[in-house]
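Here the structure is laid out as structure tokens; the discussion comes afterwards.
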Amino acid sequence: MPSEIAVEKIKLKNPPLELHYLGDRVLRQPAKRITKVDDEIRLLVREMLQTMYSKDGIGLAAPQVGVHKQLIVIDLEPDNPANQPLVLINPTIKQVSRDICVAQEGCLSIPGVYLDVKRPQVVEVAYKDESGRPQTLKANDLLGRCIQHEMDHLNGVVFVDRVDNSLTLAQELSKNGFSYQAVKPLA
């Protein structure tokens with residue numbers, strides 16, 4: 001269900017929210033459920049979208065901007081004004097496919113680093129939209145991957161924690177000014 005929140009898809013010189021980067025403890029803290037979807041949450045959604053568009057992202061989770069709430073915004077077509085973004089509040093994964101696929105991921109919190117990550121091909125997620133209405137969505141391909149990537153942020157997990165090739169990971173992080181010590185491997 002596309003969002004009803006209208007935000008101009010432009011790059012702001014000074015986006016409203018500040019991104020946090022790998023190594024910042026804020027990214028490792030689990031997010032709390034949102035108890036009430038109100039104007040304050042909708043303002044946060046608007047500011048997250050403006051920040052995401054300003055940084056050339058397709059997804060952003062609230063912990064990445066230092067807010068410990070279970071809130072995600074996604075827009076796979078940031079250059080298409082007609083495409084409405086997706087807002088997921090308190091998302092929970094209901095089901096994942098057995099089929100696994102490997103694809104390259106990047107993250108606004110780790111600029112310049114793009115590495116292969118294994119994830120389920122299809123994910124079914126339940127969430128509330130920006131009006132507080134319950135929704136369910138089955139997603140595959142880029143949308144499914146993006147939802148899983150952003151939901152990881154809600155649990156204090158960053159995509160580099162899922163990278164199997166530790167040598168390549170260490171090289172890419174170092175090349176982009178990040179410390180391998182900031183990685184918390186899941187396997």
Side-chain angles (χ1 to χ4, degrees), residues 3 5 7 15-35 37 41-76 78 85-94 96 103-120 123-130 135 137 139 141-164 169 172-173 176 178-187:
S3 169
I5 293 181
V7 171
L17 303 170
E18 192 177 321
L19 277 173
H20 291 263
Y21 298 98
L22 183 67
D24 190 327
R25 286 200 323 257
V26 98
L27 293 176
R28 297 303 185 171
Q29 297 167 0
K32 293 178 173 43
R33 289 184 63 74
I34 292 170
T35 51
V37 180
I41 293 299
R42 285 185 278 277
L43 174 62
L44 178 58
V45 166
R46 223 173 261 109
E47 290 180 339
M48 283 176 61
L49 285 166
Q50 289 169 327
T51 302
M52 179 183 79
Y53 294 134
S54 297
K55 300 291 184 179
D56 293 323
I58 59 169
L60 185 66
Q64 291 178 272
V65 291
V67 177
H68 294 291
K69 294 184 189 296
Q70 292 185 8
L71 172 60
I72 293 168
V73 296
I74 293 174
D75 188 346
L76 299 184
L86 183 62
V87 176
L88 294 90
I89 297 170
N90 300 334
T92 54
I93 292 179
K94 292 293 177 202
V96 295
Q104 203 173 68
E105 291 185 23
C107 181
L108 291 176
S109 291
I110 319 171
V113 176
Y114 300 93
L115 294 163
D116 286 345
V117 178
K118 278 189 231 168
R119 294 199 187 265
V123 63
E124 187 176 340
V125 64
Y127 63 97
K128 286 186 175 174
D129 64 18
E130 69 280 355
Q135 304 286 344
L137 174 68
D141 301 327
L142 183 58
L143 181 58
R145 178 165 294 276
C146 195
I147 289 171
Q148 293 174 74
H149 173 111
E150 299 306 335
M151 283 185 71
D152 271 353
H153 280 297
L154 302 182
N155 297 309
V157 174
V158 187
F159 91 95
V160 291
D161 300 340
R162 296 188 177 278
V163 173
D164 289 336
L169 173 57
E172 283 300 303
L173 288 173
N176 289 281
F178 294 100
S179 169
Y180 183 73
Q181 305 306 312
V183 178
K184 301 198 180 333
L186 296 175

Q.
For a side chain to side chain contact (heavy atoms under 4.5 Å, CB included) check, start with the C-alpha distance between Val113 and Leu22, then their side-chain angles and the critical distance, and finish with the verdict.
A. CA-CA 11 Å; Val113 176; Leu22 183 67; over 6 Å; no
(Q) Checking Lys128 against Val87 for the side chain to side chain contact (heavy atoms under 4.5 Å, CB included) test, could you report, in this order, the C-alpha distance in whole Å, the side-chain angles of both residues, the deciding distance, and whether it holds? (A) CA-CA 8 Å; Lys128 286 186 175 174; Val87 176; over 6 Å; no
Q: Assess whether side chain to side chain contact (heavy atoms under 4.5 Å, CB included) is satisfied between Ile89 and Asp129, documenting all intermediate values.
A: CA-CA 6 Å; Ile89 297 170; Asp129 64 18; over 6 Å; no
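Every residue two or more places apart in sequence or in another chain that forms a side chain to side chain donor-acceptor pair (under 3.5 Å) with Asp152 is listed here: Arg119, Arg162. Not counting sequence neighbours, the partners of Gln104 by the side chain to side chain contact (heavy atoms under 4.5 Å, CB included) test are Tyr114, Asp116. Remark: Pro120 engages Val96, Ser97, Ile100, Gln148 in a side chain to side chain contact (heavy atoms under 4.5 Å, CB included) (not counting sequence neighbours). Under the side chain to side chain donor-acceptor pair (under 3.5 Å) criterion, Asn155 pairs with no residue at all, not counting sequence neighbours. Partners of His153 by ring pair (Phe, Tyr, Trp, His ring centres under 6.0 Å), not counting sequence neighbours, listed by chain and number: His149. Lys118 is linked by a side chain to side chain donor-acceptor pair (under 3.5 Å) to Asp164, counting only residues two or more places apart in sequence or in another chain. Asp24 pairs by the side chain to side chain donor-acceptor pair (under 3.5 Å) definition with His20, not counting sequence neighbours. Judged as a salt bridge (Lys or Arg N to Asp or Glu O under 4.0 Å), and not counting sequence neighbours, Lys32 has no contacts. For Tyr180, the side chain to side chain contact (heavy atoms under 4.5 Å, CB included) partners two or more places apart in sequence, or in a different chain, are Ser166, Leu169, Ala170, Leu173, Val183.
Heavy atoms only, all atoms of each residue included: Lys94 and Ala126 are closest at CE-CB, 3.5 Å. Here the closest heavy-atom approach between residue Ile58 and residue Cys146 is recorded as O-SG, 4.0 Å.
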Please list every donor-acceptor pair under 3.5 Å in which a side-chain atom of residues 63-74 meets a protein atom from a residue at least two apart or in another chain.
{"unit_1": "Gln64", "atom_1": "OE1", "unit_2": "Ala61", "atom_2": "N", "d": "2.9"}
{"unit_1": "Gln64", "atom_1": "NE2", "unit_2": "Ser109", "atom_2": "OG", "d": "3.1"}
{"unit_1": "His68", "atom_1": "NE2", "unit_2": "Gln29", "atom_2": "OE1", "d": "2.7"}
{"unit_1": "Gln70", "atom_1": "NE2", "unit_2": "Ala31", "atom_2": "O", "d": "3.4"}

Side-chain polar contacts of residues 44-51 - donor-acceptor pairs under 3.5 angstrom, sequence neighbours left out - could you list them?
{"unit_1": "Thr51", "atom_1": "OG1", "unit_2": "Leu17", "atom_2": "N", "d": "3.2"}
{"unit_1": "Thr51", "atom_1": "OG1", "unit_2": "Glu47", "atom_2": "O", "d": "2.8"}

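Counting heavy atoms from C-beta outward, Leu137 and Leu86 have side chains that approach closer than 4.5 Å. Using a 4.5 Å heavy-atom cutoff, the side chains of Pro111 and Tyr21 are in contact. With a 4.5 Å cut-off on side-chain heavy atoms, Met151 and Val157 do not count as touching. Between Asn176 and Ile110 there is no side-chain heavy-atom pair separated by less than 4.5 Å. Looking at heavy atoms from C-beta onward, Ile93 lies out of side-chain contact with Ile147 at the 4.5 angstrom threshold.
Separating the CG atom in Leu115 from the SG atom in Cys107 is a distance of 11.5 Å, to the nearest 0.5 Å.
In terms of modelled atom types and a separation under 3.5 Å, the side chain of Asp161 and the main chain of Lys184 share a donor-acceptor contact.
Among pairs with a residue in residues 53-65, those fulfilling salt bridge (charged side-chain N to carboxylate O under 4.0 Å, His left out) read Lys11-Asp56, at least two apart in sequence or across chains.
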